[in-house]
Student: 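Sending over a structure as structure tokens; questions will come in a sec.
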Amino acid sequence: MYRTMTCGEVDERHVGQTVELAGWVNTMRDHGGIVFIDLRDKYGLVQLTTHDDSLLTSLTRESVISIKGKVVMRDEYNFNPKMKSGKIEVEIEELHVLSKARNILPFEVEDSMKVNEELRLRHRYLDLRNEKMQEIIKMRADLSYEVRTCMREMGFVEVNTPILTVPSPEGARDYLVPSRVHKGKFYALPQAPQQFKQLLMCGGLDKYFQIAPCFRDEDPRADRLAGDFYQIDCEMSFATQEDVHKVVENLIDRIFSKFSKFPFNKGPFQCIPFKDAMIKYGTDKPDLRNPIVMCDLHEVFKNTTFVGFKDKTIEGFSINAGSQPRSFYDKLQAYLIEQGAEGLAWVRVQEDGSLKGPIVKFITEKECKDLIEATKAKIGDDIFVIADANKKKCYKLAGLLRTQVGEKLDIIDKSRIEFCWIVDFPMFELSDEGKIEFCHNPFNMPKGGMKALTEMDPLDVVAYQYDLVANGYECASGAVRNTDTDTMVKLFEIVGYGKEEVEKRFGALYTAFTYGAPPHAGVAPGFERLMMLMLGITNIRDVVPFPMNSKAQDLLMGGPIEVGETQLRELHIKLRQ
């Protein structure tokens, strides 16, 4: 036996008893004839004492030891209120070094979250010893348990779906897995269990969920993991969009009430149509803690002769920025130009109600008046205007401007979490090359069904698609699913797939729909994203035990690696130079 109790259990109740403890050497101090050692395990910290100062030469910090000793009370003036065991110490009778650590550490464990991320990930086993990381990993386990409990109480059955499957056009690149048995063929790791959960509904399961691993070959960001991540995947038969919203809102209330460090708004969450979100916030992931609301200025400048606004999408808003130096506006403009803008227009409302600013000489008196009215500007307010010939780009730039102004003026309330639903997404969108492609999931139900697909411009078709958004992050994505085979074929025809290709690539789902498919809908909240929000963490890699870095590299294990010729031959693969 290495220990009779943990460092977190021993306290003044055990004074006079002999205990056995084990853990890591946190610190060592020599106070002239008496040596103090702080012993640490997952559960706490205990001070050890000994008169054997030779330990200072044979021990190193982070070495793993076991000890046997007597628990004694400290003198009252030596009590340490910062330690749970701060009223006692253990006099060492026996000490065994179980594993000696190197003399020099790559970083101090207690400061690991402050050091270079590459160094942290390369030595993740040290980083995980940090108390904060220990708390995060423990919370992750507790959150998983709470999610499962909540979903089961709502009548959902947990089902694990396959990891090896087939490629699916769901918005990101697939990770492919070569088949050894079937020469020249590949499996794919699932971007999401999309087809499987719909097949479960066709199988009569009614309510499914799992905390599902998802694999997408995407470039990582601060809020997006490289490689794999987890989502709380669920699907319901005979369900409407509103039914799914209620399930998610119940889950959010349950887990955020228990785990969130911040207050949050309770459901039902407001629903914002996609078009309104783009006009008002410049993004389909709005941070509603930012009070700035934008407006479409097309009507104000529809007859303008100003070349900067003519024949362009125009967005703007007013804000009382106080007394700001010229550099405030210059830095905003420089930032937006870096993001691809042609420039930034801004004016200020004077005491007499007129406008003053660089663009005033280029716009008419009526346009000035209409601009003030449209943005609801008051005396002393600044009006910011962004314009671009590309509507999508204009919205993006306007959203970036809104966020920058909110950050610089410190008007974003970062003490809370604000949820909302974004609904009525477009079914299709244009790629940068001008090709029609799915905006979101290709298996969603278009509003209006087949009639909408045959009679409307594809870019005007709206889907029963909804995203849960909070504080500028997409937290969940879901939809009411299409279960009609003719509609399914038409959807894919619009993006360039023929019926034969649909039957070949999605044969299981297509065929299942011909045997009686219940109407169904689902959603998939991102597990790590929710943890980020709960903890107020901005780097998603901090809520994962073993993440890849920002370049999709596994620094701990050394991946990705080169594969030998023998293994490549077994998989029927030849590398191109």
Side-chain angles (χ1 to χ4, degrees), residues 140 142-163 165 168 170-171 190-216 228-259 267-269 271 419-423 425 440-445 463-470 473-483 509 512 517-531 533-534:
R140 187 181 177 106
D142 292 342
L143 178 59
S144 296
Y145 180 84
E146 195 68 28
V147 166
R148 286 187 166 92
T149 301
C150 182
M151 296 304 290
R152 287 173 64 86
E153 288 177 0
M154 289 191 287
F156 287 80
V157 176
E158 184 170 9
V159 180
N160 296 119
T161 53
I163 296 299
T165 180
S168 179
E170 295 181 36
Q191 293 188 32
Q194 183 63 49
Q195 293 188 66
F196 290 111
K197 63 185 181 183
Q198 291 192 248
L199 289 168
L200 287 170
M201 297 303 100
C202 293
L205 194 69
D206 195 52
K207 289 183 178 182
Y208 139 90
F209 92 98
Q210 69 172 314
I211 301 179
C214 302
F215 306 87
R216 298 179 187 176
D228 63 298
F229 62 94
Y230 286 80
Q231 62 186 31
I232 307 165
D233 205 59
C234 61
E235 198 80 10
M236 306 163 59
S237 289
F238 306 106
T240 64
Q241 176 173 293
E242 291 70 28
D243 293 328
V244 175
H245 287 189
K246 288 178 182 177
V247 166
V248 173
E249 287 160 2
N250 186 43
L251 176 65
I252 291 296
D253 181 48
R254 171 88 167 249
I255 60 179
F256 274 73
S257 294
K258 187 165 185 176
F259 296 105
F269 306 139
C271 291
F419 287 99
C420 69
W421 289 104
I422 305 299
V423 299
F425 279 83
H440 265 271
N441 194 304
F443 305 106
N444 300 340
M445 174 74 80
Y464 282 105
Q465 165 78 37
Y466 38 84
D467 283 2
L468 179 67
V469 172
Y473 295 109
E474 176 193 319
C475 301
S477 188
V480 175
R481 316 302 182 187
N482 169 55
T483 55
L509 200 58
H520 53 274
V523 70
F527 190 85
E528 287 88 3
R529 289 265 178 90
L530 295 180
M531 280 194 68
L533 284 170
M534 291 172 177

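We count residues from 1, following the sequence as given.
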Student: Between Ile163 and Pro190, what is the shortest heavy-atom contact and its length?
Tutor: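 What the structure gives for the nearest pair is O-CD, 2.7 Å.
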
Student: Tell me whether Tyr230 at atom OH has more than 12 heavy atoms from other residues, nucleotides or ligands lying less than 6.0 Å away.
Tutor: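 Open: at most 12 neighbouring heavy atoms sit under 6.0 Å from OH of Tyr230.
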
Student: Under 4.0 Å between a side-chain nitrogen and a carboxylate oxygen: does that hold for Arg529 and Glu474?
Tutor: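 Looking at Arg529 and Glu474, the cut-off is not met.
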
Student: Looking only at the side chains, is there a donor atom on one of Asp233 and Tyr208 sitting less than 3.5 Å from an acceptor on the other?
Tutor: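 Present: a donor and an acceptor within the cut-off.
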
Student: Ignoring hydrogens, what is the shortest heavy-atom contact between Cys234 and Phe156? Give both atom names and the distance.
Tutor: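 Between these two residues, the closest heavy atoms are CB-CE2, 4.0 Å.
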
Student: Salt-bridge test for Lys207 and Glu235: reply yes if a basic N is under 4.0 Å from a carboxylate O, no otherwise.
Tutor: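 No.
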
Student: Tell me whether Glu146 is salt-bridged to Lys258, with the criterion being a basic N under 4.0 Å from an acidic carboxylate O.
Tutor: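 A salt bridge links Glu146 with Lys258.
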
Student: Can you check whether Pro518 reaches Thr483 side chain to side chain, under 4.5 Å on heavy atoms?
Tutor: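 No, too far: nothing below the 4.5 Å cut-off.
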
Student: Look at the aromatic rings of Trp421 and His245 and report parallel, tilted or perpendicular, splitting at 30° and 60°.
Tutor: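 The arrangement is parallel - the two ring planes meet at less than 30°.
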
Student: Looking at every non-hydrogen atom in both residues, tell me the closest pair between Ala192 and Gln231 and how far apart they are.
Tutor: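 So the minimum-distance heavy-atom pair works out to CB-NE2, 3.6 Å.
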
Student: Without hydrogens or angle criteria, can the side chains of Asp467 and Gln465 be said to hold a donor-acceptor pair below 3.5 Å?
Tutor: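 Looking only at side-chain atoms, Gln465 and Asp467 do form a donor-acceptor pair, the distance falling under 3.5 Å.
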
Student: How far apart are the closest heavy atoms of Val480 and Ala521, and which atoms are they?
Tutor: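 Shortest heavy-atom separation between Val480 and Ala521 comes out as CA-CB, 3.7 Å.
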
Student: Can you see which heavy atom on Glu249 is nearest to which on Pro268, and at what distance?
Tutor: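 Taking Glu249 first and Pro268 second, the nearest heavy atoms are OE1-CA, 3.4 Å.
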
Student: Could you label the plane-to-plane angle of the Phe256 and Phe419 rings as parallel, tilted or perpendicular, counting under 30° as parallel and over 60° as perpendicular?
Tutor: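 If you compare the ring of Phe256 with that of Phe419, the planes turn out perpendicular.
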
